[in-house]
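No hydrogens, no waters, no symmetry mates; every other heavy atom, side chains included, goes into these values. Everything numeric in this text was worked out from a predicted model, so none of it was measured.
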Amino acid sequence: MAHSLNTAPSPAGGPNQPKLDTDDIWQSRVDLAACFRMAARLGMEEGICNHFSAVVPGYDDLFIVNPYGYAFAELTASMLLICDFHGNVVSGRGQPEATAFYIHARIHKNVPRAKVAFHTHMPYATALSMTEGDPLIFAGQTALKFYGRTAVDQNYNGLALDAREGDRIAAAIGDADIVFMKHHGVMVCAPNIAEAWDDLYYLERACEVQTLALSTGREVLAVAPEIAEAAYRQMREGDPESARLHLESVKRALDRSEPEYKR
């Protein structure tokens, strides 16, 4: 299902080489590697097909992404690639998977607020993307974290194997942070890695609970809009700090069981 990036890269432009060995960039690599490992542990990835990316601190035209051919559970900080928007790998060995490049490069270029983009086919969110109507019903408390933050890309168009499809997906994001991609999966966009991880994790939990509720065959009752809005605001007030602590807890768990992620 995954595809290698066969397009010949364009010239990277200017002679100056970016300084990519800073502490901030290494920390981004470590944090992203932790997200890959925990996503694998929780069954939120699919083979070698899904991708997480983050804009390189200090370089808005470069992004970190996983290399083609590796499962999330294998990845370490040093294995991650740094690419530009032309398809050049400016740091690391290998190439990004083709759809990773065409989707993530265009999102980071066209939606500058999306400093981080996590794309998965995680099972419960993906299952709901295949159903009639809006995927997420704002019926459970966890779902209310995403009230007013979701969009649906209705126009599944096959694999994203050129820039046009990446541009179309980027346009579908609009003002949303969470995009359900019909018949495909989900995309989480965030200002930093911790908030992307937090949203990804709780989105799948919300979708899991909704799927269980729907499986009873009984009507799933949405929370009244005014209560949903109030609860959403309560949750979002502390979200950045809660997300930071959530990611720190993930790293502590990995430090005990698979510390090689930070190599």
Side-chain angles (χ1 to χ4, degrees), residues 22-57 63-67 70-82 92 96-97 100 104 107-108 114-126 136 140-146 149 177-179 185-209 235-263:
T22 67
D23 290 343
D24 284 347
I25 293 174
W26 180 252
Q27 189 61 57
S28 291
R29 286 177 170 274
V30 169
D31 289 351
L32 207 53
C35 294
F36 283 119
R37 290 294 184 106
M38 189 54 71
R41 183 180 293 192
L42 297 176
M44 297 164 70
E45 92 290 23
E46 186 168 72
I48 60 170
C49 295
N50 296 169
H51 351 98
F52 295 170
S53 65
V55 171
V56 175
F63 63 100
I64 308 169
V65 69
N66 44 313
Y70 293 90
F72 281 13
E74 299 180 88
L75 294 171
T76 67
S78 61
M79 290 173 66
L80 302 180
L81 306 177
I82 294 180
E97 196 267 337
H104 290 252
I107 286 175
H108 291 309
K115 298 297 185 185
V116 180
F118 283 7
H119 170 54
T120 75
H121 302 163
M122 54 191 188
Y124 292 100
T126 301
L136 196 59
Q141 178 170 286
T142 302
L144 300 183
K145 174 178 167 66
F146 306 105
R149 300 175 59 206
D177 299 321
I178 311 299
V179 182
V186 292
M187 179 71 70
V188 171
C189 298
N192 56 62
I193 293 169
E195 290 183 62
W197 169 256
D198 198 61
D199 277 352
L200 190 80
Y201 173 85
Y202 285 111
L203 179 66
E204 182 68 344
R205 294 290 290 178
C207 291
E208 180 179 7
V209 170
M235 292 182 186
R236 292 293 282 168
E237 283 177 5
D239 247 7
E241 177 63 7
S242 179
R244 184 188 70 81
L245 293 173
H246 188 183
L247 182 56
E248 290 300 315
S249 75
V250 165
K251 290 187 287 185
R252 287 194 300 272
L254 293 171
D255 286 344
R256 291 191 294 271
S257 59
E258 41 190 304
E260 69 276 7
Y261 81 93
K262 60 174 59 175
R263 295 177 188 162

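In the displayed structure, Arg149 atom CZ is contacted under 6.0 Å by more than 12 heavy atoms of other residues, nucleotides or ligands. For CD of Gln27, the number of neighbouring non-hydrogen atoms (other residues, nucleotides, ligands) closer than 6.0 Å is greater than 12.
The distance from the OH atom of Tyr201 to the CE atom of Met38 is 9.5 Å, given to the nearest 0.5 Å. Annotation: the span from Phe72 atom CZ to Asn50 atom CG amounts to 5.0 Å, rounded to 0.5 Å. One finds the OG atom of Ser53 at 12.5 Å from the CD1 atom of Ile82 (value rounded to the nearest 0.5 Å). Here the CG-CG distance, from Asp198 to Leu245, works out to 9.5 Å after rounding to the nearest 0.5 Å. The SG atom of Cys207 lies 8.0 Å from the CZ atom of Phe146; values are rounded to the nearest 0.5 Å. Atom CZ in Phe36 sits 13.0 Å away from atom CG in Leu254 (nearest 0.5 Å).
Side-chain contact between Thr142 and Val209: absent, with no pair of heavy atoms (C-beta onward) separated by less than 4.5 Å. Inter-residue side-chain proximity for Asp239 and Lys145 is flagged as met; some heavy-atom pair is nearer than 4.5 Å. At least one side-chain heavy atom of Val186 sits less than 4.5 Å from a side-chain heavy atom of Thr120. Using a 4.5 Å heavy-atom threshold, the side chains of Cys189 and Val179 count as separate. The shortest distance between side-chain heavy atoms of Ile48 and Glu97 does not fall below 4.5 Å. Contact annotation: the side chain of Trp26 approaches that of Ser78 to within less than 4.5 Å [non-hydrogen atoms, C-beta and beyond]. Contact annotation: the side chain of Val30 approaches that of Tyr261 to within less than 4.5 Å [non-hydrogen atoms, C-beta and beyond]. Residues Pro67 and Leu75 are in side-chain contact: their nearest non-hydrogen atoms beyond the backbone lie under 4.5 Å apart.
Among residues at least two apart or in separate chains, salt bridge (Lys or Arg N to Asp or Glu O under 4.0 Å) pairs with a member in residues 33-44 are Arg37-Glu258, Arg37-Glu260, Arg41-Glu258.
Applying the side chain to side chain donor-acceptor pair (under 3.5 Å) rule to Lys251 yields the partners Asp31, Glu248; only residues at least two apart in sequence or on another chain are considered. Evaluation of the ring-ring contact (aromatic ring centres under 6.0 Å, His included) rule for Tyr202 yields His246 as partners, not counting sequence neighbours. Residues that satisfy the side chain to side chain donor-acceptor pair (under 3.5 Å) test with Arg29, not counting sequence neighbours, are Ser91. Qualifying ring-ring contact (aromatic ring centres under 6.0 Å, His included) partners for Phe118, counting only residues two or more places apart in sequence or in other chains: Phe52. Partners of His119 according to the ring-ring contact (aromatic ring centres under 6.0 Å, His included) rule, which considers only residues two or more places apart in sequence or in another chain, are His51, His121, His184.
Residue Ala190 comes nearest to Ala196 through the heavy atom pair CB-N, 3.5 Å, listed as atom of the first residue, atom of the second, then distance. The shortest non-hydrogen separation linking Pro191 to Val116 is C-CG2, 4.5 Å. Here the closest heavy-atom approach between residue Cys35 and residue Leu247 is recorded as SG-CD1, 3.9 Å. Here the shortest heavy-atom pairing between His108 and Ala54 reads NE2-N, 4.2 Å. Taking both residues in full, the closest heavy atoms of Thr76 and Ala33 are given as C-CB, 3.9 Å, listed atom of the first, atom of the second, then distance. Closest approach of Asn66 and Leu80 over heavy atoms only: CA-CD2, 4.0 Å.
A side-chain donor-acceptor contact under 3.5 Å links Glu204 to the backbone of Tyr124. Not one N or O on the side chain of Glu195 forms a donor-acceptor pair closer than 3.5 Å with the backbone of Asn192.
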